[in-house]
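Within every chain, numbering begins at 1; the chains are lettered A, B, ... in the order of the sequence lines, protein sequences first and strands thereafter.
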Protein chains: 2
Amino acid sequence: MYMKIFDLSSRELNLLIYFAQLRATEKEISITTSQIAEFFNTSQQTASRCLIRLNKELGLVSWRSTRKGSFVQINPLGLDILHQLRFELERALYPDLTTIHIQGSVFSGLGEGKYYISRSSYMDSFVKKLGFKPFHGTLNLRIQLDDVDRLDLIRGSWPVIIPGFEESGRQYGDVLCYEVKIPDISARVAAIVPRRTHYGSNVLELISEINLRAALNLKDGSELTINYSLDQTREYDK
Amino acid sequence: MYMKIFDLSSRELNLLIYFAQLRATEKEISITTSQIAEFFNTSQQTASRCLIRLNKELGLVSWRSTRKGSFVQINPLGLDILHQLRFELERALYPDLTTIHIQGSVFSGLGEGKYYISRSSYMDSFVKKLGFKPFHGTLNLRIQLDDVDRLDLIRGSWPVIIPGFEESGRQYGDVLCYEVKIPDISARVAAIVPRRTHYGSNVLELISEINLRAALNLKDGSELTINYSLDQTREYDK
DNA sequence: ATTACTACCTTGCGAGTAG
DNA sequence: TCTACTCGCAAGGTAGTAA
């Protein structure tokens, strides 16, 4: 999520789409540069160079080449690009869609979220970038499967990025935040997603300046709707 | 629908998306080349050239420039490109989605479809490209609004193109066909869409080798589900 | 202010070819 | 067969500037 879709050439973007269609998001696929070349009506040399650039320069795919062919897998950064493109495209084709509604059911986690967000470095960034001090706990929401593609849409938008850090030998990764609204509640709320498990999960963690579970009298299994506004223009915090 | 997404550069594609987000699909928008340049972090000159190419060479936007700025509107061909990209992207991100189901209700048209498809030039092409001789009539289906984005997905896929022609001074446009399935019916069926009204409509016309209305005992208001398979790889009939 | 031309220069393509 | 290097050339970038 540190790269924007217009940092890629059309070739590279199409190649990424092509790989994803061959399920290179899930597994390593086997392919030759001539196959790629044929698909794009271009030369084998260009295909080779694209692949190298997609791997070495852009870091969007993992890749190893042998005498017999190449093996490629799209990595999380590459998947980000695709979701980012989907988000922009959806806003382009359906400009009347200004809010995404997502429903999920509350469940109890292991308290990990609570532990993580209370690291002071994260806390400082939350205050600085989101403008509020989160209550010391997170609300876990399991999103119903029908809504996952809408959840992906949110994840494809440009997040507020809370940088990771290292503390006593332990790595804390980046956290991505998406500011959401809960109906009838004025308190500020954000969905947070660890950088690593960005996609492929149907779980959202919410933080807020208030204790949502108490304020809304939520129990495990309670249904909760969150709204995400798309009205922002593209604002990359560069 | 005569251009493929990889015939565009990344700049041009992003510019098209940008215009669409500003609702340039519906109306002419006012913009300056410096605004475009700033958005893409490029020079004003490059923005100008992109715009010219998008208009003159690619024919994806209509455009007029004045001393005070430019005025741009995306034309149907440009919208095609965006939907085509959406289709490929959807297949990339959700490879498990192999069939699109769409529900609509039957209604009676003015018999126009029947008149059009029975032109012998169309008929010959239907037989040649679809492999069956359509019954001399069409079945009109009004798609419910919730399914329109899925309908757009179908329209974004590469169609079988039935070329238009001229007959006794009258122009008959291209017709786009999408081969669909109707549950429990083995007869071959295709949805046909006139080239001009490709998007923005929630109406589908079906043709088949049999009389669907009679065979399925359909009345006005009957609900009908159609399935569209995405399992094809990209096959441009080029 | 604008747009868009010309001139220059950098990036990136394809052919040939080595490993 | 594969991949991926070098090299010559074409496409596409920016700067300056005219209208």
(message) For the backbone of B:L58 and the side chain of B:R53, can you confirm whether one donor and one acceptor N or O come within less than 3.5 Å of each other?
(response)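 Not confirmed, B:R53 side chain does not pair with B:L58 backbone.
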(request) Verify, without hydrogens or angle tests, whether B:R155 (side chain) and B:V193 (backbone) share a donor-acceptor contact under 3.5 angstrom. (result)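 Checked: no pair found.
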With sequence neighbours excluded, what pairs up with [X] under the side chain to side chain donor-acceptor pair (under 3.5 Å) test?
{"X": "B:N75", "answer": "none"}
{"X": "B:E38", "answer": "none"}
{"X": "A:T32", "answer": "A:Q35"}
{"X": "A:D149", "answer": "none"}

(request) Look at the side chain of A:Q45 and the base of C:dG16, then say whether one donor and one acceptor between them are separated by less than 3.5 Å. (result)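 In this structure, the two groups form a donor-acceptor pair.
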(request) Output the residues of residues 59-67 of chain A in contact with DNA chain D, where contact means a heavy atom of the residue under 4.0 Å from an atom of the strand; sort by number or write none. (result)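 Correct list: A:W63, A:S65, A:T66, A:R67.
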(request) For DNA chain C, find the residues of residues 46-57 of chain A with a heavy-atom distance under 4.0 Å and give them by number; none if there aren't any. (result)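 Those residues whose heavy atoms fall under 4.0 Å from DNA chain C, taken from residues 46-57 of chain A in numerical order, are A:T46, A:R49.
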(message) Let me spell it out: for each of A:T33 and B:R11, pick the nucleotide of DNA chain D with the closest heavy atom. Which residue's pick is nearer the 5' end?
(response)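 Closer to the 5' end of DNA chain D: A:T33.
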(request) Among the candidates D:dC2, D:dA4, C:dA4, find the nucleotide nearest to the side-chain atoms of B:Q44. (result)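 Among D:dC2, D:dA4, C:dA4, the one nearest the side chain of B:Q44 is C:dA4.
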(message) One pair to check against side chain to side chain donor-acceptor pair (under 3.5 Å): A:Q44 and A:S34. What are the steps and the verdict?
(response) CA-CA 5 Å; A:Q44 172 271 326; A:S34 342; 6.0 Å; no
